[in-house]
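What follows is one structure encoded as structure tokens, with my remarks underneath.
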2 protein chains.
Amino acid sequence: MVVTFALPKGALLKDSIQLLQRVGFDFSAFLDGNNRQLQIADPTGQAQALLVRSQDVPIYVSYGQAQFGIVGEDVLQEKTADVAKLVDLKFGRCYMAIAVMQCSPYRSVMELPPHCRVASKFVRSAARYFRELDLPVELVPLYGSVELAPMTGMAEAIVDLVSTGRTLRDNGLVEIEFLYESTARLIAHPLSWRLHDRRIHEVVHQVRRCLEHGM
Amino acid sequence: MVVTFALPKGALLKDSIQLLQRVGFDFSAFLDGNNRQLQIADPTGQAQALLVRSQDVPIYVSYGQAQFGIVGEDVLQEKTADVAKLVDLKFGRCYMAIAVMQCSPYRSVMELPPHCRVASKFVRSAARYFRELDLPVELVPLYGSVELAPMTGMAEAIVDLVSTGRTLRDNGLVEIEFLYESTARLIAHPLSWRLHDRRIHEVVHQVRRCLEHGM
């Protein structure tokens, strides 16, 4: 049986490939700048990998096109995909936070005026957070450069992923609340996993052992 | 009054900046590879521009953070933003199409089996099309690399934007239906437009004149 991995483009790709290399699968061809292929086979012929947008990883796994996927917890929080979360891979650490302009009069979430505008790429995470707080806000869904929303006055606050904090600082923004931490996760197709396919369990076991012995 | 333009990152940016240069606004700083700013002023001080994701252009315009925006018709078809579509700018020509694998047994949309899977980044456009055709399909929403969906067998067909057709050819896909043509559009904040602000109308008049005299 050929095992298929859905790997995320972007920040988590390099660490994902390094981890799988230690487990015995070589997908380093995806790191070649000239690579245009989205689907490659491991040289041993035992596995293949799909290179997809991080938000699409749970889709490929839930539809069974890949038995495994590697994706950030932030994406899993935002999607309602039917996948089995198996292992916290510990890399790609970042966190979801609320930020406002340095010149904003508000220094905590509870000070934010009801029905103020909050911009985010993570609309579900943001909506859930404010609902639990019972603070009604108007969410402005954006696709990128969320920091521009408070800079232009379109939103009072943003809900966004922070890794080094540099983007916030460079744009005159300051964090006022921590929502949750995110790291990369190994996810699996729930049926493959529940059927106790031997190959699937072997891979998970190897990944866990790798993590115990340090990345 | 300083006029603000929301400009789209990506394929339409260069032509958008060239058009505005002919109208008298210089935002060429956005084309500098080292530029990290998302908000710049025109050297004359008469206008400023925001550099945002194409899907976010209608948001910035509908909230009034920009009086004008330039964005593809494909984005406007997908969003339900409250903006005034003013001028067809004629550049950025591409079209929405349905494609299947070359090895697919289906050669027209009506041959597609009911409830088959169709992957797309343009879920609303796709849903509208199939609803009007009264063909029930299961839409698989993706964020990128839609061509991978039929290649892996996850979807029978895709609804995607085609410009040169190279991505389809390179991935063994073939078009079976044309949905609509898309070009760049000048959009405006509806209230600014309806209030007949003189500056707003001047800009639109200049853009129209530019187009008449050839880009």
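The shown structure was predicted, so the numbers you read here are calculated from the model rather than taken from an experiment. All chains are named by letter (A, B, ...) in the order of the sequence lines, taking the proteins before the strands, and each is independently numbered beginning at 1.
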So which bits of residues 32-51 of chain A come within less than 4.5 Å of chain B, counting non-hydrogen atoms only?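 Expected list: A/R36, A/L38, A/Q39, A/L50, A/L51.
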Applying side-chain hydrogen bond (donor to acceptor under 3.5 Å, both in side chains) to B/S28 and not counting sequence neighbours gives B/D26
Applying side-chain hydrogen bond (donor to acceptor under 3.5 Å, both in side chains), name anything that partners A/E175, two or more places apart in sequence or on another chain.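 In terms of side-chain hydrogen bond (donor to acceptor under 3.5 Å, both in side chains), with neighbours along the sequence ignored, A/E175 is linked to A/Y95.
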Smallest separation among heavy atoms of B/Y143 and A/Q55, with atom names: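 Shortest heavy-atom separation between B/Y143 and A/Q55 comes out as CD1-CB, 3.3 Å.
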Shortest non-hydrogen separation from A/K9 to B/S145 and the atoms involved: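 Reported closest heavy-atom pair: NZ-OG, 2.9 Å.
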Could you have a look at B/G64, B/P141, B/G144, B/A119 and say which one has the most heavy-atom pairs with chain A under 4.5 angstrom?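 Sorted descending by pairs with chain A, the first entry is B/G144.
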Start with the C-alpha gap between A/L148 and B/Q65, add the side-chain angles, then the distance that decides, and say whether side-chain contact (heavy atoms from CB on, under 4.5 Å) holds. CA-CA 10 Å; A/L148 194 59; B/Q65 249 56 42; over 6 Å; no
Hey, could you give me each pair passing ring pair (Phe, Tyr, Trp, His ring centres under 6.0 Å) that has a residue in residues 53-81 of chain B? Not counting sequence neighbours. B/F5-B/F68
[X] portion near chain B, given a 4.5 angstrom heavy-atom threshold:
X: A/K79; result: side chain
X: A/N171; result: neither
X: A/A66; result: neither

Are there over 12 heavy-atom neighbours, none belonging to B/K85, within less than 6.0 Å of that residue's NZ? yes
When you look at CZ of B/R107, are more than 12 heavy atoms from neighbouring residues, nucleotides or ligands closer to it than 6.0 Å?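 Yes - once you tally the heavy atoms of other residues, nucleotides and ligands closer than 6.0 Å, there are more than 12.
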Checked A/D170, A/V140, A/V52, A/T4 vs chain B; the most non-hydrogen pairs under 4.5 Å come from A/V140
